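Chain A is the first sequence line, chain B the second, and so forth, proteins listed ahead of strands; every chain is numbered from 1. Please read these numbers as outputs of a predicted model, since none were measured by experiment.
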2 protein chains.
Amino acid sequence: MYQSPEYRQLTDYLHVQGLNVTPERMEVLSLVLKQKGHFRIEDLIRNSARRKKSISRATIYRSLKTIEQAGLIKSIRSINDEKIYEIVKGHHDHMICEQCGAIIEFHNSELESLQDRICNSRNFTASRHVMKIFGICSACQKKQE
Amino acid sequence: MYQSPEYRQLTDYLHVQGLNVTPERMEVLSLVLKQKGHFRIEDLIRNSARRKKSISRATIYRSLKTIEQAGLIKSIRSINDEKIYEIVKGHHDHMICEQCGAIIEFHNSELESLQDRICNSRNFTASRHVMKIFGICSACQKKQE
DNA sequence: GAAATAATTGAGACTGAATCTCAATTATTC
DNA sequence: GAATAATTGAGATTCAGTCTCAATTATTTC
Ligand SMILES: [Mn+2]
Ligand SMILES: [Mn+2]
Ligand SMILES: [Zn+2]
Ligand SMILES: [Zn+2]
């Protein structure tokens, strides 16, 4: 148990930081890995609550922050500023449907390199970026017709 | 008094919405127009508090939302998720320095049209977008040397 | 491996931004 | 200008997120 690369990555990070590898931290990661797509912290808290040995809200918040710092997850703000997490895979940006809340991922290398060029031209050293396009998804457009 | 185009735009919006043109709403707009660059709602509250006839926190929040809906201002999230407002001029995106908090505006039409093309190819009808690049500004880089 | 030391957790208190409530005030309609 | 409707102010409330601190669990020392 706890041997997929994600657990390795977390334990490595904990070791580097001089933090203990605790059952709670590993369990929060396991709750995260059970999620499909984008999820809210309340989903984790609810899922944990219905286990025999539930983890406190405070510890879920604390561990999730650690897991984020370990580079395993990141967060975005969806409609209404709702904080949404996702497992870090390849970099991508988001289209967010203002009607149904759907979050559509996309990646465009032309867009990425153009951003690099813009930053270079202004002597800005970029470490990350957030690009969200809000509008109406194709499914919702069909419903309107 | 209250005759610049911004006040017209707000009164027009209020009329369309069937809302009253009140001294408080106009005063909040005037507080906004006094701001230079990006500002926080707390700045407005503080500035209002040091006037003879101050406006309540609740009304500043309410009026600012109305002014935003009227299309006069919009908000972005800076470092630490701090909510920052700015007066709507031409569309632009932001580079945000993680060191000093500086917010650098930029506009690149190539970037904008590329986004349109990406949305078209996915049948997503975009209404707006948010693009923030985080990193270190040129001034802070010089300081490091 | 038991005692001493250090880190982590859980429960609930606390915080701060934002919203809501509702009586009092102000504006609009009749 | 009386009746009606909208807005405001003060403070209560909400909600996500953080903090506190005693109790628990893990690590280190001998
Ligand atoms: Mn995603
Ligand atoms: Mn700006
Ligand atoms: Zn949709
Ligand atoms: Zn800087």
Side-chain angles (χ1 to χ4, degrees), chain A residues 2 7 10-11 13-32 38-70 73-85, chain B residues 2 7 10-11 13-32 38-70 73-85:
Chain A
Y2 295 155
Y7 293 105
L10 180 55
T11 51
Y13 177 80
L14 293 173
H15 286 143
V16 168
Q17 298 294 314
L19 299 170
N20 291 346
V21 177
T22 65
E24 288 81 3
R25 283 170 177 155
M26 290 297 123
E27 172 68 7
V28 172
L29 177 54
S30 123
L31 288 168
V32 165
H38 303 90
F39 59 93
R40 296 160 305 152
I41 201 162
E42 281 304 324
D43 297 331
L44 302 185
I45 291 167
R46 191 145 17 78
N47 287 350
S48 168
R50 65 164 66 109
R51 299 283 190 89
K52 44 255 155 190
K53 219 278 176 193
S54 71
I55 299 169
S56 74
R57 167 176 302 268
T59 297
I60 291 182
Y61 268 95
R62 286 186 283 230
S63 299
L64 207 64
K65 185 170 281 183
T66 305
I67 291 168
E68 186 171 13
Q69 288 162 347
I73 58 172
K74 63 192 172 82
S75 69
I76 58 166
R77 293 274 178 175
S78 183
I79 310 177
N80 286 116
D81 276 338
E82 193 185 21
K83 196 167 193 174
I84 301 280
Y85 288 88
Chain B
Y2 294 156
Y7 293 105
L10 180 56
T11 52
Y13 176 81
L14 293 173
H15 286 142
V16 168
Q17 298 293 314
L19 299 169
N20 291 345
V21 178
T22 64
E24 287 82 2
R25 284 173 176 150
M26 290 297 123
E27 171 67 9
V28 173
L29 177 55
S30 122
L31 287 167
V32 165
H38 303 92
F39 60 92
R40 296 160 307 150
I41 201 161
E42 281 304 323
D43 297 330
L44 302 185
I45 292 167
R46 191 144 17 77
N47 287 351
S48 168
R50 67 165 67 108
R51 299 284 190 88
K52 43 254 153 187
K53 218 278 176 193
S54 71
I55 299 170
S56 73
R57 168 175 299 269
T59 296
I60 291 182
Y61 268 96
R62 286 187 284 232
S63 299
L64 207 65
K65 184 170 283 185
T66 305
I67 291 168
E68 186 171 14
Q69 287 162 346
I73 59 172
K74 62 192 172 85
S75 69
I76 58 167
R77 293 273 177 175
S78 183
I79 309 176
N80 285 117
D81 275 341
E82 194 185 21
K83 197 167 194 174
I84 301 281
Y85 288 88

Distances under 3.5 Å between nitrogen or oxygen atoms of protein and nucleotides 16-20 of chain D:
residue	atom	partner	partner atom	Å
D:dG17	OP2	A:Y61	OH	2.8
D:dT18	OP1	A:K65	NZ	3.0

Distances under 3.5 Å only, N/O to N/O: pair up the protein atoms with those of nucleotides 27-30 of chain C.
none

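If you take CD1 of B:I60 and P of D:dA10, they are 11 Å apart, rounded to a whole angstrom. Rounded to whole angstrom, the span from the CD atom of A:E27 across to the C1' atom of C:dT9 amounts to 14 Å. With rounding to whole Å, B:E82 atom CD is found 16 Å from C:dT15 atom C1'. If you measure from atom CG of B:N80 to atom C1' of C:dT15, you get 15 Å, rounded to the nearest angstrom. Computed from coordinates, the A:L14 CG to C:dA7 C1' distance equals 12 Å when rounded to whole Å. Following rounding to the nearest Å, B:L10 (CG) and D:dT7 (P) show an atom-to-atom distance of 12 Å. Separating the CD atom of A:E24 from the P atom of C:dA7 is a distance of 17 Å, rounded to the nearest angstrom. In this structure, A:I45 atom CD1 and C:dT9 atom P are separated by 15 Å, rounded to whole Å.
For the atom pair CG (A:N47) and CD (A:E42), the distance works out to 11.0 Å, reported to the nearest 0.5 Å.
Among residues two or more places apart in sequence or in another chain, the side chain to side chain donor-acceptor pair (under 3.5 Å) test is passed with A:N80 by none. Partners of A:R46 by salt bridge (charged side-chain N to carboxylate O under 4.0 Å, His left out), not counting sequence neighbours, listed by chain and number: A:D43. Annotation: side chain to side chain donor-acceptor pair (under 3.5 Å) contacts of B:S56 (sequence neighbours excluded): B:T59.
Ring geometry for B:Y2 versus B:Y7: interplanar angle of 30 to 60°, hence tilted.
The phosphate of D:dG9 has OP1 or OP2 within less than 4.0 Å of a side-chain N or O from B:T59.
No salt bridge links A:E82 with A:R77; every basic N to acidic carboxylate O contact stays at or beyond 4.0 Å. Ionic pairing of B:K53 and B:E27 is not present here: no N-O contact between side-chain nitrogen and carboxylate oxygen is shorter than 4.0 angstrom.
Among pairs with a residue in residues 15-25 of chain A, none fulfils side-chain hydrogen bond (donor to acceptor under 3.5 Å, both in side chains), at least two apart in sequence or across chains.
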**OP:** Verify side chain to side chain contact (heavy atoms under 4.5 Å, CB included) between B:Q69 and B:Y13, making sure each step is shown before the conclusion.
**Re:** CA-CA 9 Å; B:Q69 287 162 346; B:Y13 176 81; 3.2 Å; yes
